[in-house]
Amino acid sequence: MGFENFGTVSFTTEARVADFITYLEQGKVMATRCPKCGVSYFPPKADCPSCLSGEVEWFEVKGKGKLATYTIVNYGPSGFEDDAPYILALGEFEGGLQIMARLSKDIAPEDIKAGMSLVVVPLKRPEGRISYEFKKG
Amino acid sequence: MADRKVCIVAGGMDKWGVREASVVDLAQEAAQDCFDDVPALKKEEIDGLLFASSYCGRTSFQVNPAPVIAERIGLKPTSICSRLDTLCAGGSSGIILATGLIRSGMADVVMVVGGEKLYTPQRWETYYSEMASIDHDWDGAQGMGLPPPFFSMTAQEHMKRYGTTKEQLSAVSVKNRRNGSTNPNAQFQKEVSLEEVMAARPIAPPLGLFDCTPITDGCAAVILTHEDKAKELSDKPLVYVRGTAQTSLHSMSMNWPGEHLADWVHLRTAAKRAFEQARVKPADIDVAQTHDCFTISEIIEMEDLGFCKKGEGGPFVESGQNDFGGKIPTNTDGGLLSCGHPFGATGIRQAREMLFQLQGRAIRQVEGAKMGLAHNLSGLNVEHTILIYGREP
């Protein structure tokens with residue numbers, strides 16, 4: 001349980017990575033690492049895709065990332081009509097983690113530049129929903 | 001088991017666009033056009049039917065449509081009767097599977113039909129369904145649903161790294177709309193000028209209205225069989241399936257397999273396999289149909305298919321190198337930008353154009369074309385599919 005509250009719109013209620021939502025509610029954006037392979041995953045994976053081990057470790061995505069590229073979404077998919085326009089960005093974090101997230105509304109569009117410093121933080125949304133977003137690092 | 005050479009012997013499609021018809025109606029029209037293309041073939045000789053469609057379960061409320069279509073077009077399949085779905089590459093997946101079945105002897109004559117009915121009375125249905133075609137748990141949750149934003153990021157990456165310009169993106173649209181202007185089945189038959197493309201309203205900058213493929217209703221159909229049967233059916237030159245590949249290295253916007261969004265390593269991986277299997281190189285290809293879902297896509301495809309150097313796709317298309325008279329005429333029937341894109345039908349529409357080009361009967365004919373390449377990408381750029389067709393096996 002918990003996964004049904006993730007993001008703006010969700011279609012999945014139960015998932016093996018539901019702990020991700022529990023951590024978000026505690027203020028942490030978490031990824032997983034396979035202790036056997038040493039590979040880190042974001043989005044988190046409850047089982048290592050490489051060796052299929054279920055004994056993965058959770059760790060917090062800390063530190064600053066870099067904005068690789070971004071786009072302004074003028075036409076959102078169904079469920080996002082009230083959000084548009086919003087800005088989606090791809091951030092690159094330590095250990096080769098790539099994260100796609102919305103840029104916080106408090107970043108002025110003229111301040112957005114490729115290469116700018118980012119942090120990823122939990123985002124409480126209306127009606128008990130929860131997600132994550134990028135803020136200036 | 002047998003190891004037979006496989007030929008494509010007939011192609012058909014209906015008028016694409018906003019259609020007042022069901023997906024089964026559209027499949028029937030395309031199939032009829034395809035039957036008419038090979039009069040010597042009796043329907044009883046077709047032992048397999050594959051139907052490529054991604055949205056029929058939602059927008060047409062029809063799961064397992066293959067038997068419905070088989071009955072509607074008068075087929076009684078005995079080797080295979082199945083729907084398949086790889087979104088934008090469904091038609092090409094169907095042709096790959098039909099090729100394998102025929103080559104191995106598990107089937108003799110297979111019809112591959114594909115297409116969608118996407119316009120519904122409730123327009124939101126199509127947009128809502130977009131979330132089903134991506135990894136909605138992660139990409140969807142962030143509002144990454146419709147494709148333009150992702151390809152906008154790809155375009156910006158290419159512009160930043162290689163100096164690609166908005167004029168170069170626009171040149172793709174001008175060319176493909178010109179090619180489609182004489183295609184009676186295309187959704188759009190109106191040419192557009194460079195100025196019109198440049199000034200069009202933004203969809204996801206730098207992509208404007210004419211940089212994006214539309215939403216389309218339509219179906220297409222082809223028939224494949226083994227070489228001996230193909231020789232019996234007509235005196236037209238034989239067109240063989242020479243090489244195939246379908247690559248998937250990741251499934252969402254994160255975990256991108258290349259160095260950056262404009263580095264399509266999964267396309268290069270597919271191209272390497274298809275070219276090796278076909279025993280040819282990019283310079284041997286006379287005509288190409290590549291997946292111009294967005295103008296930037298065709299530019300990167302020219303690079304990562306090996307038709308020009310990495311980073312030189314912009315000048316390549318702007319100088320007419322992938323137009324008639326250039327190195328590799330591309331999207332000769334108008335591509336997705338003119339024809340539209342009823343997902344499961346697109347690979348089949350490309351195969352039909354390849355058949356016509358290699359038999360010398362295309363509307364806009366590349367003189368003496370003997371080798372052709374068709375390419376699709378799927379979803380948020382998570383799969384690449386290639387078919388190489390040739391006049392020799």
S.K.: Quick check on Tyr41(A) against chain B: is it the side chain, the backbone, both or neither that has a heavy atom closer than 4.5 Å?
M.R.: neither

S.K.: Given heavy-atom pairs under 4.5 angstrom as the criterion, report whether the side chain, backbone, both or neither of Ala114(A) touches chain B.
M.R.: side chain

S.K.: Kindly compute the distance separating NZ (Lys45(A)) from OG (Ser40(A)), expressed to the nearest 0.5 Å.
M.R.: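 Here the rounded value is 11.5 Å.
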
S.K.: Please flag which part of Asp139(B) lies under 4.5 Å from any non-hydrogen atom of chain A: side chain, backbone, both or neither.
M.R.: side chain

S.K.: In plain terms, say whether Asp263(B) and Arg161(B) are close enough for a salt bridge, that is, a side-chain N and a carboxylate O under 4.0 Å apart.
M.R.: no

S.K.: Between Phe80(A) and chain B, with a heavy-atom cut-off of 4.5 Å, which part of the residue counts as in contact: side chain, backbone, both or neither?
M.R.: side chain

S.K.: Less than 4.5 Å to any heavy atom of chain B: does that hold for the side chain of Ile72(A), its backbone, both, or neither?
M.R.: backbone

S.K.: Which atoms of Ser131(A) are under 4.5 Å from chain B, going by heavy atoms: the side chain, the backbone, both sets, or neither?
M.R.: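 Just the side chain, heavy atoms under 4.5 Å.
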
S.K.: Can you tell me how far apart CD (Glu92(A)) and CH2 (Trp256(B)) are? Round to the nearest 0.5 Å.
M.R.: 12.5 Å

S.K.: What part of Glu130(B) gets closer than 4.5 Å to chain A, counting heavy atoms only: side chain, backbone, both or neither?
M.R.: neither

S.K.: Please walk me through it: do Phe59(A) and Tyr23(A) pass ring pair (Phe, Tyr, Trp, His ring centres under 6.0 Å)?
M.R.: CA-CA 10 Å; Phe59(A) 68 97; Tyr23(A) 286 121; over 10 Å; no

S.K.: Mind jotting down which residue pairs meet the ring-ring contact (aromatic ring centres under 6.0 Å, His included) criterion with at least one end in residues 142-166 of chain B? Sequence neighbours excluded, please.
M.R.: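 Output for this query lists Phe151(B)-Phe294(B), His158(B)-Tyr162(B).
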
S.K.: With chain A, which of Gly143(B), Ser253(B), Ser152(B), Ala155(B) has the greatest number of heavy-atom pairs at distances under 4.5 Å?
M.R.: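 Top count of heavy-atom pairs under 4.5 Å with chain A: Gly143(B).
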
S.K.: Would the Trp138(B) and Phe20(A) ring centres measure less than 6.0 Å apart?
M.R.: yes

S.K.: Atom CG of Leu267(B) and atom CD of Glu301(B): how far apart are they, to the nearest 0.5 Å?
M.R.: 6.5 Å

S.K.: Please state whether the side chain, the backbone, both or neither of Pro202(B) comes within less than 4.5 Å of a heavy atom of chain A.
M.R.: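 Interface part for Pro202(B): backbone (N, CA, C, O).
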
